[in-house]
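Reviewing the structure listed below.
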Amino acid sequence: MNQPIRRLSMLVSLLFVLLLGSSTWIQVLGSQDINDRPGNRRTQLESYARERGQILIGGRPIASSTPTDDDLQWQRTYSEPRLYSHITGYNSFTYGPGGGIESAEDGLLSGRDDKLFYDRVTGTIAGREPKGASLELTINPKVQKAATEALGDQRGAVVALDPRTGEILAMVSHPGYDPTPLVSHNPSTEKKAWEALNGDPARPLVNRSISGNLYPPGSVFKIVTAAAALESGDWTGDSSIPGPAVLDLPQTEVGLPNSHPGACGPDDKVSLAVALQDSCNTAFGWLGMELGGDAMREQAGKFGFGDDLEVPMKVTPSTLPGQMSPAQEAQVGIGQYDVRVTPLQIAMVTSAVANDGVVMKPHLVQSVLGSDLSTISETKPEQLSKAMEPETSDTLTDMMQLVVEKGTGTQAAVPGTSVAGKTGTAEHETGQPPHAWFTGFAPADNPQIAVAVVVEDGGRAGSEAYGGSVAGPISAAVMKAALQ
């Protein structure tokens, strides 16, 4: 054999080996990845051949599957689609599972997850038809409904947590949407709904409680600043700090004013407790510069800022800016500049104050149920971090009670119980009304619920909005529903 032929045969042999190797990789090692791709029609058809698991709240299905006469053997239905749209999401044949539990726990609901191996085996032995797992959620339906009704047609979000366990009791994002057309089995109907929802400038598919364009928190962030000050040991609730009408900022001719005319106290001084009660910008701006950016970032990190969380939907991490000038530190001290948060993160901050300084990992799935509705697994409460000492949380609780009793948050009061809270009115875009915030927990002496509310662009109040008057009553309605 001459040399050219020998080289050609070696090249052909090499190409054959590469072809064999790539085929082996695709068919064996890469098969699971291919199967898991949302656009894999074969996998989708296979999943429609078995009953998809239910999504349950209090044992009642809010998402379930019923038999059909078409090629897709099961039809997904949602019992209260708009109330729970951002919790359930949708399972579309055209677009796959999207948003909410339908996407985050698709493996369990479809029955493909390895956790269901034993359930599949026992089901086969017992002669049961294969089906997906069902998921019992932590949502309290009364609290969810109260949050939805109180927020009404205003854009924004409400999150309610059990501060002792991290259970999510309510998760509301407005505007919501109806997932029913997306699961219609009619490609034309599904496409029309998909294009309308994605083309809507109000972004109804975005779950504002955990993702999307994050919000500046405004004065609700003062809880974090106050925690950093108390934890440092340099200040107490009774400490006297500067609270002038306008705080002079270094390296700039623009000062930081209060939201109300005048100073926060006599002789331009105010106690830390009263500064939180009356939401004194100049006092907390001064604290921000005294603490410095590193201390505030460290304290925020203890509350969960920057963490990659799944509840099981992915949560966009809340953030603080990196290097800051003194003027920027003052702005960060009052929750402005480049501080960005999710409502869930603010609820976690408040929950830590309510829970002796401990942040519990938030979760939405209470238990996974097999095809015979027996319990396969349960979510146990898990500590995420320790944000502060119990003594600090006790001091903050007392200070936050003053906010609701005689400060900026009186409209968040709940008759018959003690409420600890904080208001926020956050500037975001020039010429746009501020976002209105309230966060709090109740009862203050035995916390059972922590709430965070944000109403975009001041809601119906527009440029006249304040956190206490717009978001405070929404929080009160949610707390009433939980405590009654």
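Just so you know, residue 1 is the first one in the sequence shown, and it goes up from there.
Among pairs with a residue in residues 295-324, those fulfilling side chain to side chain donor-acceptor pair (under 3.5 Å) read Asp294-Arg297, at least two apart in sequence or across chains. Annotation: side chain to side chain donor-acceptor pair (under 3.5 Å) contacts involving residues 229-245, sequence neighbours excluded, comprise Glu231-Thr392, Thr236-Ser239. Residue pairs meeting the side chain to side chain donor-acceptor pair (under 3.5 Å) criterion with at least one partner in residues 457-472, sequence neighbours excluded, are Asp153-Arg460, Arg155-Asp457, His428-Asp457.
Across all non-hydrogen atoms, the minimal contact from Leu56 to Ser134 is CD1-CB, 4.2 Å. Between Leu369 and Ile376, the closest heavy-atom pair is C-CD1, 4.0 Å. Between Leu161 and Gly166, the shortest heavy-atom contact is CD2-O, 4.2 Å. Scanning both residues, Val365 and Pro312, for their nearest heavy atoms gives CG2-CD, 4.0 Å.
A donor-acceptor pair under 3.5 Å is formed between the side chain of Asp178 and the backbone N or O of Thr180. In terms of modelled atom types and a separation under 3.5 Å, the side chain of Ser351 and the main chain of Ala450 share no donor-acceptor contact. Of the possible donor and acceptor atoms, one in the side chain of Ser418 sits under 3.5 Å from a partner among the backbone N and O of Ala444. Using a distance-only test at 3.5 Å, with no hydrogens or angles considered, no donor-acceptor pair links the side chain of Asn207 to the main chain of Ile87. For the pair His435 (side chain) and Pro217 (backbone), a donor-acceptor distance under 3.5 Å is absent. Within the 3.5 Å criterion, the main-chain N or O of Pro381 finds no donor-acceptor partner in the side chain of His363. Not a single donor-acceptor pair under 3.5 Å links the side chain of Asp278 to the backbone N or O of Cys280. In terms of modelled atom types and a separation under 3.5 Å, the side chain of Ser325 and the main chain of Gln328 share a donor-acceptor contact. At least one donor-acceptor pair closer than 3.5 Å links the side chain of Ser110 to the backbone N or O of Asp106. For the pair Gln336 (side chain) and Ala426 (backbone), a donor-acceptor distance under 3.5 Å is absent.
Between Glu382 and Lys380 there is no salt bridge, since none of the side-chain N atoms of the basic residue sits less than 4.0 Å from a carboxylate O of the acidic one. Between Lys145 and Glu80, none of the side-chain N atoms (NZ, or NE/NH1/NH2) sits under 4.0 Å from a carboxylate O, so this pair counts as no salt bridge. Ion pair Arg164/Glu167 not flagged as a salt bridge, since none of the NZ, NE, NH1 or NH2 atoms sits closer than 4.0 Å to an Asp/Glu carboxylate oxygen.
Under the 4.5 Å side-chain criterion, counting only non-hydrogen atoms from C-beta, Ile474 is not in contact with Phe438. Using a 4.5 Å cut-off on side-chain heavy atoms (C-beta onward), Leu272 and Leu230 make contact. Considering only heavy atoms from C-beta on, Ser219 comes within 4.5 Å of Asn281 through its side chain. Side-chain contact between Leu309 and Leu384 is present, with at least one heavy-atom pair separated by less than 4.5 Å. Counting heavy atoms from C-beta on, the side chains of Arg340 and Pro317 never come closer than 4.5 Å.
The CZ atom of Phe221 lies 12.0 Å from the CH2 atom of Trp437; values are rounded to the nearest 0.5 Å.
Checking Lys422 against Ser279 by side-chain atom types alone, a donor-acceptor pair falls below 3.5 Å. Donor-acceptor pairing under 3.5 Å is lacking for the side chains of Glu329 and Tyr337.
More than 12 heavy atoms of other residues, nucleotides or ligands shown are found within 6.0 angstrom of CG on Asn446.
Of the candidates Arg52, Arg76, Glu51, Arg76 is the only one forming a side chain to side chain donor-acceptor pair (under 3.5 Å) with Ser65.
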